[in-house]
Each structure stands twice: as structure tokens, then as C-alpha cells.
2 protein chains.
Amino acid sequence: MTTTKAAQKRAQAKVEYNAFLAGCPSRQLLDRISDKWVVLILCALGGDNSAAPADAPRTMRYSEIAQLLAGVSHKMLTQTLRSLERDGLVTRTVTPTVPVTVSYALTDLGLSLHHTTRGLRTWAQAHMAEVLANRENHDARTS
Amino acid sequence: MTTTKAAQKRAQAKVEYNAFLAGCPSRQLLDRISDKWVVLILCALGGDNSAAPADAPRTMRYSEIAQLLAGVSHKMLTQTLRSLERDGLVTRTVTPTVPVTVSYALTDLGLSLHHTTRGLRTWAQAHMAEVLANRENHDARTS
DNA sequence: CAGGATCCCGCTAGATACTG
DNA sequence: CAGTATCTAGCGGGATCCTG
């Protein structure tokens, strides 16, 4: 199969990817993973649930994720999950019950990214007050 | 000044921010920092230049950043820098030369976020080949 | 040099309705 | 339950022109 060969070839090529360059594929990949819903989905599947102190990766059903990520539209959730699946960050498993059951889980690759995205969410929550204070100071000074 | 008092009060309140909740301010903050240009600007000011092995935070001029972040429009760069300044992540220093010189640098808060955003860029570059291979496999299987 | 202001196109993302 | 499909409004973001 030529596609597999091409993939292997590229993996061996050790190309220097640089997200600072406009044309570099890693720029697009960075754009993909720099997304609110991507971060939150990875956090959800990574077990960063506020209710569960034990941060173990878990498999979740579609509706579970939808419920945890309050305010996400059906479209965005499905769309984001599809792209994560395509990139090999999550697995999608369909169990032919009636009605059908679909569950998602992190792959090893997704888990490796989760280490970083978790930091993003944690940072936002930890420094929220500080940022709000900075905004007030800034707005007061420039008004 | 009442605004300062209010800010202090809020910082002491130890509110539980949770980005999973739609109404939580940390959700918006997460949205702000989950941005391609935010990540790249923090990486630039953090010293993650591919040419410089020593990763020391550096102050950069507007035009330096614009040059490093290939393809960024003036509007997006200015807009992003302004919001980062407002949130207290970067400082903006104007030196009244002719023509004027403006330099940007990370604050301590910005530096703390840089630790995470750097990981995002690094991850994208490190796993680019793997993701491309996953996409090929996926597209071949579903075509 | 480092922007501010304006125009305007395109695509994103929400809402809604339908299906296996 | 877990989607797909369609339609549309809104705004993100590029291009362009102007300024201290």
C-alpha cells in the first residue's frame, strides 16, 4: 500500500517543523489544538472532572461529554470529536445496542496532549482572579 | 479607590472557577488563551526562537514579533497584544525616539502561562508526522 | 515605526428539523 | 441515543488607507 509507505517515509524524514512559519503544517495543527472545545474535551476524557479527585482517563459516552461541557452545541461537539478522531487523539467505539451506544476515549497520543491542555484549563481557573484584577486596573488607567 | 478594594476582595474570595461551566469567567479566559496567535506570541517573548538555543525570555519590538510570526496580519497582532496587555500577561513600553520604539515583554503572569503554551507548540511540532500518518490511515479507511 | 480606523468578504457556529 | 443536514446571521480577520 503506497499510502502506508508514504507515511512511514515522512515519519522517518525527521522534518523540522516550525509553527512560527506560515506554511508549516504544524501551524495548522497548532491552530486545531488551540481551541476551547478541544481543550475541554481532552480534559473531560482525561478525567479532569471537578467531581472526581482521581484523575484517571475515562471513556465517556457522547451524552456524558455533552452534559459535562455545558453550553456546547451538538454541531461543535460532533465536529470536534470527528477531527480529534481523524488525528488519532481519541477513539470512537460504537456498540450496537438499541439505541446505539457510542463511547470515546483518549489514545496514547491524545493522552500526551492532555498533559498540556490540562495545564491550560488549570491555569485559566487558577489565575482568573488575577487577570480580572489586571483588567480593572488597566481599564481604570486608560479610561 | 473602590476598584482596588473590589479586586482585592475578589482575589481573597477564593471562588471556585470551573471552565466546564458555560457561565464561568474562566471559560472565556480559556477561550482567549486557546488561540494560535496568543500561543505564538507567548512563545516568541518566552524566547522559544528556533534560532536561539538559550530559551531566555526576551523583550521584542513590534516589528520583530511581526517578522517572527510569519503571516500574521497587523490587525491580529495589535489586537492580540492589546488583550494580552490588558490581562497583564505582557508589558508594553514606549520609548519616545523618532520614530517611536515600542517593545513588549512577558510579565511574571505571562511567563507562568508560557510554560504551558510552549508545550502546545512543542507538541504540535513533535507529533506532526504522527498526526499526518493518522489522517492518511483514517481517510483511506473511510473513503 | 507602530499602530488606529474603516470596509467588507467568508466562514464559523448556533438553531432547527430530521433519521438509523 | 447519537448523530446528519440545512439555513442563516454574525463576526472574525484580511486588505487598505491614514496618522503621530
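Below, chains carry the letters A, B, ... as their sequence lines are ordered, and counting in each starts from 1.
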**Student:** Under 4.0 Å between a side-chain N/O of B:Arg82 and OP1 or OP2 of C:dG4, yes or no?
**Tutor:** yes
**Student:** Do A:Leu120 and B:Ser34 have side chains that get closer than 4.5 Å, going by heavy atoms?
**Tutor:** yes
**Student:** Would a distance-only check, ignoring hydrogens and angles, find a side-chain to backbone donor-acceptor pair under 3.5 Å from A:Ser73 to A:Met76?
**Tutor:** yes
**Student:** Let me know the distance between CG of A:Leu77 and P of D:dC1, rounded to the nearest Å.
**Tutor:** 14 Å
**Student:** Scan side-chain atoms only and decide if A:Arg121 and A:Gln125 contain a donor-acceptor pair under the 3.5 Å cut-off.
**Tutor:** yes
**Student:** In whole angstrom, give the distance that lies between atom CD of B:Glu85 and atom P of C:dA2.
**Tutor:** 15 Å
**Student:** For the side chain of A:Val100, counting heavy atoms from C-beta on, which of D:dC1, C:dA2, C:dG3 is nearest?
**Tutor:** D:dC1
**Student:** Rounding to an integer number of Å, can you tell me how far A:Leu81 CG sits from D:dA2 C1'?
**Tutor:** 11 Å
**Student:** How long is the line joining CE of B:Met76 and C1' of C:dA2, in whole Å?
**Tutor:** 17 Å
**Student:** Measure from CG on A:Asp35 to C1' on C:dA13 and round the result to the nearest Å.
**Tutor:** 11 Å
**Student:** Of the options D:dA2, C:dA2, C:dG4, whose atoms approach the side-chain atoms of B:Arg61 most closely?
**Tutor:** C:dA2
**Student:** Out of C:dA13, D:dG3, C:dG3, which nucleotide sits closest to the side chain of A:Val102?
**Tutor:** D:dG3
**Student:** From C:dG14, D:dA2, C:dG3, pick the nucleotide closest to the side chain of A:Ser73?
**Tutor:** C:dG14
**Student:** Rounded to the Å, how far apart are B:Lys75 NZ and C:dC7 C1'?
**Tutor:** 9 Å
**Student:** Any idea which of C:dG4, D:dG20, D:dA2 is nearest the B:Thr78 side chain?
**Tutor:** C:dG4
**Student:** Does D:dC1 have its OP1 or OP2 closer than 4.0 Å to a side-chain nitrogen or oxygen of A:Thr101?
**Tutor:** no
**Student:** CD of A:Gln79 versus P of D:dT4: gap in Å, rounded?
**Tutor:** 10 Å
**Student:** What I want to check is whether the side chains of A:His114 and A:Asp48 have a donor and an acceptor closer together than 3.5 Å.
**Tutor:** yes
**Student:** When you get a sec, tell me which of D:dG14, C:dG3, D:dT4 is the closest nucleotide to the side chain of B:Tyr62?
**Tutor:** C:dG3
**Student:** Give the nucleotide from the list C:dG3, D:dC1, D:dG3 with an atom nearest to the side chain of A:Pro99.
**Tutor:** D:dC1
**Student:** Using whole Å, report how far CG of A:Leu69 lies from P of D:dA2.
**Tutor:** 14 Å
**Student:** Can you see whether B:Thr78 engages B:Tyr62 through a side-chain donor-acceptor pair at a distance of less than 3.5 angstrom?
**Tutor:** yes
